[in-house]
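No hydrogens, no waters, no symmetry mates; every other heavy atom, side chains included, goes into these values. Numbering of residues begins at 1 and proceeds along the displayed sequence. Treat the numbers as computed from the prediction; the structure is a model and nothing was measured.
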Amino acid sequence: MKKLSIVVPCYNEAEALPLFYPAVEKVVQEMTDVEIEYWLVNDGSSDDTLTEMRKLHETDPERVHYVSFSRNFGKEAGLYAGLEAATGDYVVVMDADLQDPPSFLPKMYAELQSGEYDCIGTRRTDRTGEARFKSFLSDQFYKVINRISNTAIVPGARDYRMMTRQMVDAVLSMKEYNRFSKGIFSWVGFKTKYLDYHNVERVAGETDWSTWKLFKYAMDGISDFSQAPLSLAVWLGTTSFIVSLLGLLAVIIRRIVEPSSSVFGWASMVCIILLLGGLQLLCIGVVGKYIGRIYLQVKHRPIYIVKEKK
């Protein structure tokens, strides 16, 4: 019998976990042709998430397992840890807040069993219930990254997906410290089918993904899968140099043609200095961002540290 591992990264999901487990169990009990195991990952939660995981493990020690980090390492680390721990022939990644409909599990498994696909993913067709500004930023992110990156990122795609063991091993082979799973899932290739669904609101608790955190996550995705910011820095520097050179020539020519004319005032000079200084700092900052990521990678620090595992 094949085994399906259900990986659930959790951060402050003490209210959602008691609702998540019964909801998923109700669905998987109908999947009689596959063995189920759960891997719950506690990403340094500050509430009773770990306590709820222990309770679920005690209820079903053979199938429910958990990994608890020594501190908060981020969702990407939690997802990676769950994939490493999973032993199934197929692995599905889900959120504990039930925004990922468990009812899709039988269909996802059936599609993979056909052998035509290596991954069955999901994507939201709308963002009902979310702030309009956050939805707008999300839409713009997908437009931008798909223009400047060679790795296609499917708009609205969720981390909720079921993968074959071969694809999971490919994802795990990428040991990069700064991770952007949406890009990694696309980069490794493999044939993927997406199931569309309408947005589902959380069953309990509050999301930890503020607009600022989503923005930083988007910037990580761009720097991980595109060198466009570096190219932009080069073009900005080149353009500012050419404009400054033309401005200097204009001043010299004017002085030669009209010796009695006054040279441009200090205000215009200050503006030019500020413009060039700002462009230089911008370019240095972009380059520094990439160097910083290289610095973190070459340290070879672990992606996460486990404090407790059952």
Side-chain angles (χ1 to χ4, degrees), residues 2-9 34 37 39 41 43 67 73-95 100 104-105 107-124 138 141-196 214 217-229 290 293-294 296-298 300-304:
K2 299 288 185 180
K3 179 187 285 188
L4 171 63
S5 299
I6 300 176
V7 172
V8 190
V34 63
E37 73 168 2
W39 279 101
V41 183
D43 183 24
V67 177
F73 285 89
K75 182 179 179 179
E76 291 293 339
L79 194 156
Y80 187 83
L83 294 181
E84 274 199 319
T87 61
D89 302 286
Y90 303 98
V91 181
V92 61
V93 179
M94 302 181 68
D95 284 344
D100 301 329
F104 279 18
L105 291 173
K107 184 175 182 179
M108 297 167 85
Y109 180 70
E111 292 279 6
L112 286 184
Q113 285 291 94
S114 69
E116 185 177 355
Y117 300 99
D118 303 289
C119 173
I120 306 298
T122 60
R123 60 184 173 191
R124 294 183 294 188
S138 179
F141 162 71
Y142 285 112
K143 290 179 181 179
V144 170
I145 196 169
N146 282 317
R147 283 181 177 273
I148 64 177
S149 173
N150 293 325
T151 302
I153 310 295
V154 178
R158 299 275 294 174
D159 289 334
Y160 182 29
R161 62 188 63 221
M162 189 179 294
M163 300 169 283
T164 61
R165 169 50 56 181
Q166 185 182 17
M167 182 172 174
V168 171
D169 290 341
V171 172
L172 291 175
S173 70
M174 299 179 69
K175 304 292 185 181
E176 52 202 68
Y177 184 80
N178 294 286
R179 305 182 67 80
F180 181 69
S181 290
K182 286 183 174 62
I184 292 175
F185 290 143
S186 296
W187 189 90
V188 296
F190 296 98
K191 194 172 182 180
T192 301
K193 178 180 180 180
Y194 285 92
L195 305 178
D196 295 338
L214 287 173
Y217 186 60
M219 292 302 100
D220 287 341
I222 290 174
S223 57
D224 278 352
F225 287 91
S226 174
Q227 294 184 10
Y290 281 87
R293 300 178 83 81
I294 296 172
L296 290 174
Q297 185 67 34
V298 298
H300 298 297
R301 287 179 176 176
I303 297 174
Y304 61 89

Separation between CG of L105 and CE of M94, rounded to the nearest 0.5 Å: 5.0 Å
Atom pair NZ/CZ of K193 and R161 - distance to nearest 0.5 Å: 15.0 Å
Check against side chain to side chain contact (heavy atoms under 4.5 Å, CB included), F73 and D43: CA-CA 6 Å; F73 285 89; D43 183 24; 3.9 Å; yes
L112 CG to R165 CZ distance, which is reported to the nearest 0.5 Å: 13.0 Å
Verdict with supporting geometry, E116 and K191, side chain to side chain contact (heavy atoms under 4.5 Å, CB included): CA-CA 8 Å; E116 185 177 355; K191 194 172 182 180; 3.9 Å; yes
D100 side chain to D95 backbone, donor-acceptor under 3.5 Å: yes
Shortest non-hydrogen separation from V41 to A81 and the atoms involved: CG1-CB, 4.3 Å
Side-chain touch Y90/V168, heavy atoms, less than 4.5 angstrom: no
Minimum heavy-atom distance between F185 and L79, given as atom pair plus value: CZ-CD2, 4.2 Å
Side chain proximity check, V93 to M163, heavy atoms < 4.5 angstrom: yes
Pairwise distance CG(L172) to OH(Y80) - rounded to 0.5 angstrom: 5.0 Å
Polar side-chain atom of E37 near backbone of T87 as donor-acceptor pair, under 3.5 Å: yes
Any donor-acceptor pair under 3.5 Å from T122 side chain to R158 backbone: no
Test side chain to side chain contact (heavy atoms under 4.5 Å, CB included) applied to M162 and L4, step by step: CA-CA 9 Å; M162 189 179 294; L4 171 63; 4.0 Å; yes
Lys/Arg N to Asp/Glu carboxylate O, D196 vs R123, below 4.0 Å: yes
Rounded distance [0.5 Å steps], CZ in F190 versus CD in Q166: 4.5 Å
CH2 on W39 to CD1 on I6, rounded to 0.5 Å: 13.5 Å
Residue pair V34, Q113: steps toward the side chain to side chain contact (heavy atoms under 4.5 Å, CB included) verdict: CA-CA 11 Å; V34 63; Q113 285 291 94; over 6 Å; no
R124 side chain reached by Y160 side chain, heavy atoms, under 4.5 Å: no
Check: V67 and E84 side chains under 4.5 Å, non-hydrogen atoms: no
